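Just so we're clear, the structure is a prediction, and the values are computed from it rather than from any experiment. No hydrogens, no waters, no symmetry mates; every other heavy atom, side chains included, goes into these values.
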Amino acid sequence: MKLLVINPNISDDVTALIESEALRSASPDTELVVRTAGYGVEYIETRFESLIAAGAVAEIIAEHTRDDGVGRVDAVVVAAFGDPGMPALKELADVPVVGITEAALCAAALQGHRFSVIAISDRIRPWYLDCVERFGLGGRLASIRSINETLNAIGSVQQDFRETLLALSRQAVAEDGADVVILAGAPLAGLARELRGQIPVPVVDGISAGIRMAEALAGLQCGPHRAGAFAPPPVKARKGLSENLDAALAAAQTAANAAAPAK
């Protein structure tokens with residue numbers, strides 16, 4: 001099995017954290033193709049930054065899901081909390097596309113009734129709340145707690161704020177009633193392993209959840225979207241798209257049309 005793991009921001013330090021946790025989480029026979037967004041911002045903190053990242057992610061997905069077999073993958077993991085481009089990216093690829101937010105929320109929902117999200121900044125909280133509500137889990141959200149200090153560097157958040165993140169997680173349990181804690185965002189990849197046993201409830205890492213769920217979905221071989229809400233966009237005039245994106249979109253539309261019942 002081959003998984004494409006995409007860092008939607010441009011930070012190579014964060015990509016290294018993603019890759020390390022992905023390698024620890026993946027099954028021994030799973031091959032990982034890890035890529036960093038070709039353009040965008042250092043780390044995604046707002047809805048608009050997520051919008052920018054979505055285009056960069058779509059380009060990488062288009063490159064690795066073409067039918068020519070070169071670099072083709074069995075599933076995709078969008079490795080930024082907030083799932084930039086999701087769920088729209090499911091309309092493009094004919095393999096499962098999993099965001100680490102949806103994976104983490106599903107994992108949390110299976111392990112407890114109420115969960116808390118621990119975030120790296122106050123600014124990011126409104127967007128995260130939107131994401132939780134979009135998945136229909138707003139009623140199970142105990143809290144979103146976040147670091148309210150200036151970050152030194154996105155790649156060193158874990159080291160710089162380890163004790164703060166641990167304290168926020170414990171407060172979420174003791175004061176907010178969280179049954180599960182989600183450490184949100186790729187910059188925190190791997191921290192859940194280190195804090196295991198120091199927080200009195202299950203702690204979910206979005207990267208590991210995304211990898212394991214992508215493997216499961218690829219293994220289930222449920223088939224692609226050819227109709228319904230996530231069918232490829234209808235054929236229409238377009239211009240200015242990259243060669244890869246135009247080809248991927250055309251291939252998806254052709255496959256959907258071929259699967260459509262005769263009229």
Any chance you could measure L195, atom CG, to L165, atom CG, to the nearest 0.5 Å?
-> 7.5 Å
Let me see the working for T65 and L92 under side chain to side chain contact (heavy atoms under 4.5 Å, CB included), right down to the final yes or no.
-> CA-CA 9 Å; T65 56; L92 176 64; 5.6 Å; no
In terms of hydrophobic clustering (I, L, V, M, F, W, Y; side-chain heavy atoms under 4.5 Å; direct or indirect links), are I10 and L4 co-clustered?
-> no
Give a yes or no on whether V117 and M86 share a hydrophobic cluster (residues Ile, Leu, Val, Met, Phe, Trp, Tyr; joining criterion: side-chain heavy atoms under 4.5 Å apart).
-> no
Basic-acidic side-chain contact under 4.0 Å: D246, R238 | yes
Please tell me if the side chains of I211 and L32 come closer than 4.5 Å, counting only heavy atoms from C-beta onward.
-> yes
Should I207 and V5 count as side-chain neighbours, where that means a heavy-atom distance under 4.5 Å?
-> no
Residue pair R35 / T15, side-chain donor-acceptor N/O under 3.5 Å = no
Do V98 and V95 belong together in a cluster built from hydrophobic side chains that touch within less than 4.5 Å?
-> no
May I have the step-by-step check of side chain to side chain contact (heavy atoms under 4.5 Å, CB included) for L105 and T101, ending in yes or no?
-> CA-CA 6 Å; L105 293 176; T101 308; 3.9 Å; yes
Mind running side chain to side chain contact (heavy atoms under 4.5 Å, CB included) on E45 and I120 for me, showing each step along the way?
-> CA-CA 9 Å; E45 203 171 10; I120 64 171; over 6 Å; no
Donor-acceptor pair, side chain of D179 and main chain of H113, under 3.5 angstrom = yes
If you take all heavy atoms of S169 and V181, which pair is closest and at what distance?
-> OG-CG1, 3.8 Å
May I have the step-by-step check of side chain to side chain donor-acceptor pair (under 3.5 Å) for N7 and T36, ending in yes or no?
-> CA-CA 5 Å; N7 174 13; T36 306; 4.5 Å; no
Any side-chain heavy atom of Y43 within less than 4.5 Å of one from S11?
-> no
Flag, side chain of R170 to backbone of Q198, donor-acceptor distance under 3.5 Å = yes
Min side-chain heavy-atom separation I60-V76 under 4.5 Å | no
Side-chain contact, heavy-atom cut-off 4.5 Å: N257 with V235?
-> yes
Does W127 belong to the same Ile/Leu/Val/Met/Phe/Trp/Tyr cluster as V78, with side-chain heavy atoms less than 4.5 Å apart forming each link?
-> no
Donor-acceptor contact present, side-chain R140 to main-chain A109, <3.5 Å = yes
Between E91 and P233, the two heavy atoms sitting closest are OE1-CG, 3.7 Å
Any donor-acceptor N/O pair, D205 side chain to G190 backbone, under 3.5 Å | yes
Do the side chains of M213 and P96 get nearer than 4.5 Å, heavy atoms only?
-> no
Okay, side chain of R125, backbone of I144: is any donor-acceptor separation there less than 3.5 Å?
-> yes
Would you name the heavy atoms of L3 and V73 that are closest together and state the gap between them?
-> C-CG1, 4.4 Å
For the residue pair S143 and D176, what are the closest heavy atoms and their distance?
-> OG-OD2, 2.7 Å
Basic-acidic side-chain contact under 4.0 Å: E49, R123 | no
Measuring from D83:CG to Y128:OH, what's the distance to the nearest 0.5 Å?
-> 9.5 Å
In this structure, CD of Q158 is separated from CD of E194 (nearest 0.5 Å) by 6.0 Å
Charged N-O contact under 4.0 Å between D94 and R72 | yes
Between V132 and L137, is any pair of side-chain heavy atoms under 4.5 Å apart?
-> yes
Would you confirm whether S27, through its side chain, and T30, through its main-chain N or O, come within 3.5 Å as a donor-acceptor pair?
-> no
Between N152 and D160, is there a donor-acceptor pair closer than 3.5 Å when you use the side chain of the first and the backbone of the second?
-> no
Would L89 and I52 show up in the same hydrophobic cluster when neighbours are defined by side-chain heavy atoms closer than 4.5 Å?
-> no
Could you state the interatomic distance from CD1 (I6) to NE2 (H64), rounded to the nearest 0.5 Å?
-> 7.5 Å
Of all the heavy-atom pairs spanning I154 and P187, show the shortest one and how long it is.
-> CD1-CG, 3.6 Å
Spatial distance of atom NE2 (H225) from atom NZ (K90) [nearest 0.5 Å] = 6.5 Å
pair E175-S116: side-chain heavy atoms closer than 4.5 Å = no
What are the two closest non-hydrogen atoms of G185 and F81, and how far apart are they?
-> N-CB, 3.4 Å
Hey, what do you get for CD1 (I44) to OG (S50), rounding to the nearest 0.5 Å?
-> 6.0 Å
